[in-house]
Amino acid sequence: MKNTIQLPVVTPKGVFLAHYSEQGLVELNFPDGGNHHASRLTREGETQRRPALPAPMLQWHQTTTEALHAVLAGRAAKALPPLDWTGKTEFQQSVWRELLKLGPGNTRSYGEIAAAIGRPKAVRAVGGACGANPIPVLVPCHRVLAANKKLGGFSGGLGWKRRLLGREGVMRNA
DNA sequence: GACAGATGAAGGA
DNA sequence: TCCTTCATCTGTC
């Protein structure tokens with residue numbers, strides 16, 4: 001695992017933590033620590049803070065912040081920073097790329113995502129790829145529902161999934 | 001190589 | 001409807 005720089009992203013919903021490598025955004029952690037990737041990284045001390053940040057990174061962080069605010073408000077992100085998926089499998093990346101095509105209020109089932117990437121039977125694997133998504137919210141794995149329109153699961157916790165979908169008008173009582 | 005998993009579909013109560 | 005069971009595919013250890 002490469003070293004990353006972590007920067008806080010202050011939102012009305014709490015302070016997210018963004019991790020950047022030299023290639024782009026590597027990971028995004030929920031405020032409540034619901035993202036298991038975050039706790040692991042922090043424990044292992046694989047991240048570090050640096051006083052002087054490269055200019056591109058500051059630009060990415062600003063883009064990330066704006067995108068996060070937009071998504072949390074139920075709007076589409078105008079732009080996303082470069083996403084660093086190095087080390088991830090081709091299958092996972094294809095699933096995440098498909099998720100990036102989904103706009104606010106636009107949901108798909110795990111089966112539909114599987115079919116969209118040309119592997120209609122790999123529905124369970126799509127669930128696994130969603131769970132392995134290090135950049136939730138920006139890579140909208142919360143917009144993937146089970147076939148029966150149930151929530152399914154969410155790495156950041158089902159509460160977040162309900163909240164995000166509620167903001168986008170997908171779920172009532174959210 | 002074995003096992004687990006954020007599923008989906010089918011069958012039965 | 002709801003629940004249970006099984007098939008399927010991929011990632012991880």
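Keep in mind that what you see is a predicted model, and the values were worked out from it rather than measured. In the text below, chain A, chain B and the rest are named by the order of the sequence lines, each starting its count at 1.
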Please determine if A:Glu90 and A:Arg97 form a salt bridge, counting it only when a charged side-chain N lies under 4.0 Å from a carboxylate O.
yes

Applying side chain to side chain contact (heavy atoms under 4.5 Å, CB included), can you list everything that pairs with A:Val123, at least two apart in sequence or on another chain?
A:Ala114

Anything under 4.0 Å to a heavy atom of chain A counts; send over the first and last such nucleotide of DNA chain C, read 5' to 3'.
C:dA7 to C:dT12

State, yes or no, whether a side-chain contact exists between A:Phe91 and A:Arg119 at a heavy-atom distance under 4.5 Å.
yes

Using a 3.5 Å cut-off and no angle test, enumerate the donor-acceptor pairs between side-chain atoms of residues 98-108 of chain A and protein atoms at least two apart in sequence or in another chain.
| residue | atom | partner | partner atom | Å |
| --- | --- | --- | --- | --- |
| A:Glu98 | OE1 | A:Lys101 | NZ | 3.2 |
| A:Asn106 | OD1 | A:Arg108 | NH1 | 3.0 |

Pairs satisfying ring pair (Phe, Tyr, Trp, His ring centres under 6.0 Å), at least one member in residues 106-134 of chain A, at least two apart
none

Could you run down nucleotides 5-13 of chain B 5' to 3' and tag each one B, S or - for protein heavy-atom contact under 4.0 Å?
BBBS-----

So A:Glu66 and A:Arg75, salt bridge (charged side-chain N to carboxylate O under 4.0 Å, His left out) or not? Walk me through it.
CA-CA 11 Å; A:Glu66 290 173 1; A:Arg75 303 192 308 269; over 6 Å; no

For the pair A:His61 (side chain) and A:Met57 (backbone), establish whether a donor and an acceptor sit closer than 3.5 Å, ignoring hydrogens and angles.
no

Identified side chain to side chain contact (heavy atoms under 4.5 Å, CB included) partner of A:Leu7 from the options A:Leu17, A:Thr64, A:Thr65, A:Leu53
A:Leu53

Watson-Crick or G-U pairs under 3.5 Å in DNA chain B, rendered as dot-bracket with [ ] for crossing pairs and | for another strand
|||||.|||||||

Taking the six-membered ring for Trp, is the centroid-to-centroid distance between A:Phe154 and A:Trp160 below 6.0 Å?
no

Check whether A:Gln6 reaches the backbone of A:Tyr20 with its side chain - one donor and one acceptor, N or O, closer than 3.5 Å.
no

